[in-house]
Amino acid sequence: MAEIAQIIVDVPTMQTNRPYTYQVPEQLEHQIQTGMRVVVPFGNGSRQVQGFVVGLDDQTAYDGELKSIISILDLNPVLNQELLTMSQWLADSCYAFRISCMHTMLPNVMKTKTHRRLKIIDELDETDLFELFHGQDEIDFEPENMPDEIVSRLLKLKRNQQIEVVYSLTDQAKSKFATGIKPLLSFERLEEERTSLRKTAKAQSELLSYLQSMIGSEIKLSEAREQTGLSNAIFSTGEKKGWLEKIQIETFRTPKALLNDAKKPIPELTADQQTAVDAICDSIQSTDPQTFLLQGVTGSGKTEVYLRSIAETLANNQTALMLVPEISLTPQMVTRVKSRFGDLVAVLHSGLSNGERYDEWRRIERGEAKVVVGARSAVFAPLENIGLIIMDEEHESSYKQDETPRYHARNVAKWRSDYYGATVVLGSATPSLESRARAQKGVYQHLLLPERINQQPLPAVQVVDMRQELRKHAESNFSTELLDEIQIRMSRGEQSILMLNRRGYSSFIMCRDCGFVLQCPNCDISLTLHMDTHTMKCHYCGHEEPIPKICPNCQSHKIRYYGTGTQKVQEELQAIIPDAKILRMDVDTTRRKGMHEKLLNSFGNQEADILIGTQMIAKGLDFPNVTLVGVLNGDTALGLPDFRSSERTFQLLTQVSGRAGRADKTGSVIVQTFNPDHYAIKLAQHHDYEHFFQMEMNIRHRGKYPPYFYTLQISVSHEEEAQAAKAIMNIAQFLKPNLDKNSIVLGPTPKSIARMNRKYYYQLVIKYKQDTRLHQLLTQMMDQIQKQSRHGVQISIDPEPQNFI
DNA sequence: AGCACGCCGACT
DNA sequence: GTCGGCGTGCTC
């Protein structure tokens with residue numbers, strides 16, 4: 001019976017977002033399995049694309065002529081049944097193409113590169129042969145890197161059928177292999193070999209004993225050499241004499257940072273921790289997909305609860321997934337998990353090269369790693385039989401991907417939990433309102449860790465009114481209170497951390513004479529000053545240009561810097577306290593690989609008095625000698641037109657407060673702000689999450705925002721503003737009459753950055769409670785509007801967007 | 001996406 | 001009349 005395969009091809013468009021039917025050629029019959037990658041012909045020409053097999057059958061409803069699969073790229077499926085099923089759900093719920101979802105779930109190296117070559121199939125005249133083909137009979141075809149004139153001459157030859165395009169897909173997913181050895185003979189036969197050796201052949205005799213000791217196993221040659229002290233030549237002799245065989249052993253690139261893991265004693269649990277662990281362990285034992293919200297102040301020992309729960313999961317013969325925000329995936333944190341579970345742990349973080357990431361992925365897929373620690377995309381780790389999924393700092397917005405597929409790791413975690421009957425633990429000191437509200441309603445089980453392990457009080461938070469400060473002296477980023485406190489720490493040999501709330505802030509340049517501000521040519525935004533590279537940069541499209549010395553508008557020389565960047569803050573502070581040793585940590589100083597870690601290490605070794613940084617220093621750091629945390633601008637996020645701005649401010653301030661005085665020294669926190677009376681700041685000052693939750697819930701209720709309503713954002717872009725505007729109006733008209741009467745449409749409006757990368761953006765937000773038709777309506781819309789609208793209109797839907805600006 | 005087909009203006 | 005530009009539609 002003929003085998004027929006259903007294949008999702010790697011062509012991310014609306015029209016091709018469905019399986020295509022292919023014939024399985026005879027020589028590949030019974031070798032193909034669902035979840036494997038294959039190469040198939042696609043389209044009129046001789047084009048070849050990568051595809052994923054999603055179904056196998058012996059018949060098809062399709063009655064056209066079938067093409068055949070060209071080759072298979074994997075020996076084993078790269079997507080198991082669970083992940084295949086999930087890719088469909090993910091595509092539906094994120095309004096994304098299925099192929100994009102599949103790629104998101106896999107390491108980058110699984111994406112093949114397409115190469116096109118031109119091959120001569122008929123005689124060419126001499127000029128063409130030399131000018132175009134340089135005398136060769138095949139050349140690479142890369143129209144984007146070739147002069148137009150050459151391309152058109154080549155295309156002409158192709159039309160005349162003198163040359164043809166040949167395709168090749170290269171799979172980057174290559175495992176690394178090393179030479180290994182394997183004994184070929186039995187113990188007795190090896191013993192016989194030894195007796196026939198001459199007395200002087202000591203090395204060979206040693207090799208024989210070694211081989212005897214490792215019968216039934218294999219080992220890398222390099223390791224064998226190390227263990228025995230024998231040379232390569234001896235092993236080769238052994239091979240020649242038929243004692244051993246040289247084989248290829250797959251090796252895994254082990255990321256360096258993880259090699260040192262000093263065993264730490266396992267701490268005792270507090271009563272609260274024990275209660276939490278017990279509840280979670282009960283759930284791990286059961287097959288109910290239960291979700292817990294573990295709410296505990298900084299220092300209350302959430303991590304230990306996680307580790308105990310993971311241990312229970314492993315004991316129960318299941319696997320565990322632990323998600324952390326990228327920013328807190330620090331060596332300290334990884335070491336802690338590694339030292340508890342050793343080689344069973346795989347770590348997936350952004351610092352890995354594609355190859356390293358693939359190796360870790362393989363270790364998980366082969367079942368060698370049973371605990372996976374990683375950031376957002378680790379939620380797709382190919383673990384089977386998952387018993388526990390932990391999501392630390394569950395309120396972090398980095399769990400939401402801000403490009404398609406726009407998934408939230410929390411939702412994916414829940415899907416997997418339902419699939420396996422696994423337990424989910426959401427941990428945070430300041431849970432998102434959505435999660436906290438669900439705990440309130442009993443959807444999640446609420447676990448509390450109200451006290452710090454060391455019985456230390458939370459640090460005192462002092463709020464400084466910067467409006468008063470401004471009246472007292474000239475404009476400065478530093479209040480007298482903060483400067484005094486910094487100097488006290490320095491005299492005591494203690495350290496300080498200063499945080500600059502970057503959101504909504506940047507340094508730009510403006511002309512004092514005409515008010516001209518340098519703008520990005522591609523985007524509707526001012527360029528940001530970067531002193532380290534001496535350029536003006538656009539944060540949205542990456543455009544870069546030199547800093548102008550005279551105003552491009554009026555030729556005046558009075559061009560000045562405005563705004564507050566970390567660099568400027570550092571310079572200002574250095575001028576005030578000349579003998580302070582200051583480290584700065586921001587995107588500029590940590591771009592180079594490993595710099596992040598290096599900076600933290602040198603601060604940890606007390607090579608500096610003060611660490612200045614943006615949000616990235618607020619999280620996951622644990623320096624016992626830091627007794628002062630200063631927030632330079634506590635409220636810049638408050639001014640943003642986003643209903644989550646209070647929540648973010650509260651979370652951030654609470655989080656930084658936790659950074660002060662974590663060991664035996666008491667710490668203090670200073671928050672400078674222009675809004676000292678704002679409830680988010682006042683309640684953060686008193687570490688009062690519960691009160692904040694109540695107040696914010698009231699506001700959300702009145703404004704019909706999450707968690708009372710769901711939100712969904714539709715955005716449209718086009719190079720011409722009118723086209724983009726027209727498209728969003730069409731969408732609004734299409735949707736409005738069909739929405740539920742309780743649903744609310746905000747907009748359409750231009751986005752706050754109306755132009756990015758030479759495209760104009762318009763958006764529309766829908767708030768809804770229950771709208772049964774909405775999902776189907778939107779799916780239909782993506783299909784219809786895309787067809788109708790003129791070329792170049794791009795539509796994207798973001799369910800539950802995290803940023804409204 | 002990327003390819004072929006087809007329709008239209010500019011040219012040997 | 002033909003070459004080659006780009007708009008349109010399809011891909012098992």
Side-chain angles (χ1 to χ4, degrees), chain A residues 2-25 28-29 32 34 36-72 91 96-104 111-119 128 132 140-170 403-405 717-720 723 782-796:
Chain A
E3 248 189 316
I4 304 280
Q6 297 295 323
I7 290 169
I8 299 285
V9 291
D10 189 4
V11 182
T13 65
M14 201 70 232
Q15 297 102 309
T16 52
N17 187 30
R18 61 194 163 86
Y20 283 83
T21 316
Y22 282 86
Q23 184 78 50
V24 177
L28 293 179
E29 252 172 57
I32 292 189
T34 53
M36 280 181 174
R37 294 174 305 145
V38 292
V39 179
V40 292
F42 194 69
N44 281 326
S46 54
R47 189 177 168 203
Q48 293 177 12
V49 297
Q50 188 194 37
F52 287 87
V53 180
V54 293
L56 284 168
D57 209 339
D58 51 15
Q59 55 189 16
T60 172
Y62 181 73
D63 62 354
E65 197 158 321
L66 295 183
K67 289 183 179 173
S68 278
I69 293 171
I70 293 170
S71 62
I72 45 178
F97 306 129
R98 189 147 178 220
I99 190 68
S100 316
C101 295
M102 289 169 141
H103 281 308
T104 308
K111 222 175 183 163
T112 49
K113 282 213 173 91
T114 316
H115 298 278
R116 284 179 300 174
R117 312 201 88 219
L118 293 173
K119 194 176 165 190
D128 284 344
L132 301 174
D140 282 330
F141 184 43
E142 288 159 348
E144 59 282 357
N145 303 330
M146 291 167 146
D148 288 352
E149 187 250 334
I150 301 277
V151 173
S152 72
R153 276 170 72 187
L154 287 168
L155 287 176
K156 191 171 171 181
L157 290 174
K158 190 174 152 252
R159 271 195 302 277
N160 291 341
Q161 306 220 328
Q162 287 173 280
I163 61 175
E164 66 175 359
V165 188
V166 285
Y167 282 79
S168 63
L169 300 195
T170 43
E403 51 193 58
T404 46
S717 70
H718 193 278
E719 290 193 10
E720 289 165 54
Q723 294 283 358
M782 285 298 263
D783 219 34
Q784 269 183 21
I785 306 280
Q786 191 79 278
K787 258 184 232 161
Q788 289 169 15
S789 54
R790 287 278 133 258
H791 274 262
V793 179
Q794 286 192 12
I795 306 171
S796 90

Using whole Å, what does the distance between atom [atom2] of nucleotide [N] and atom [atom1] of [X] come to?
X     : N      : atom1 : atom2 : answer
A:I8  : C:dC12 : CD1   : C1'   : 12 Å
A:Y20 : C:dC10 : OH    : P     : 11 Å
A:Q15 : C:dC12 : CD    : C1'   : 15 Å

Who passes side-chain contact (heavy atoms from CB on, under 4.5 Å) against [X], sequence neighbours left out?
X      : answer
A:I70  : A:V39, A:P41, A:Q48
A:P12  : A:D10, A:F97, A:I99, A:S100
A:S168 : A:H115
A:A96  : A:C94, A:C101, A:P405

Would you classify A:Q23 as touching base, sugar-phosphate or nothing, given that sugar-phosphate means primed atoms plus P, OP1 and OP2, and contacts are heavy atoms under 4.0 Å?
nothing
Does A:Y22 reach a base, just sugar-phosphate, or nothing at all? Heavy atoms under 4.0 Å.
sugar-phosphate
Expected output is a numbered-order residue list: members of residues 160-170 of chain A with a heavy atom under 4.0 Å from any atom of DNA chain B. What is it?
A:Y167
For residues 43-69 of chain A, which residue pairs qualify under ring pair (Phe, Tyr, Trp, His ring centres under 6.0 Å), counting only residues two or more places apart or in two chains?
A:F52-A:H103
Quick one: salt bridge (charged side-chain N to carboxylate O under 4.0 Å, His left out) partners of A:D140, sequence neighbours excluded?
A:R117
Which pairs, protein N/O on one side and nucleotides 2-4 of chain C N/O on the other, fall under 3.5 Å?
unit_1	atom_1	unit_2	atom_2	d
C:dG4	OP2	A:R159	NH2	3.4

Mind checking what makes ring pair (Phe, Tyr, Trp, His ring centres under 6.0 Å) contact with A:Y20, not counting sequence neighbours?
A:F42
Which residue pairs pass the salt bridge (charged side-chain N to carboxylate O under 4.0 Å, His left out) test when at least one of the two sits in residues 63-72 of chain A, sequence neighbours left out?
none
Closest non-hydrogen atom pair, A:V24 against A:I32:
CG1-CD1, 4.0 Å
Chain A reaches DNA chain B, atoms under 4.0 Å from its heavy atoms, from B:dA1 to B:dA4
Where at least one partner belongs to residues 151-160 of chain A, residue pairs that pass side-chain hydrogen bond (donor to acceptor under 3.5 Å, both in side chains), sequence neighbours excluded:
A:D128-A:R153, A:E131-A:R153, A:E149-A:R153
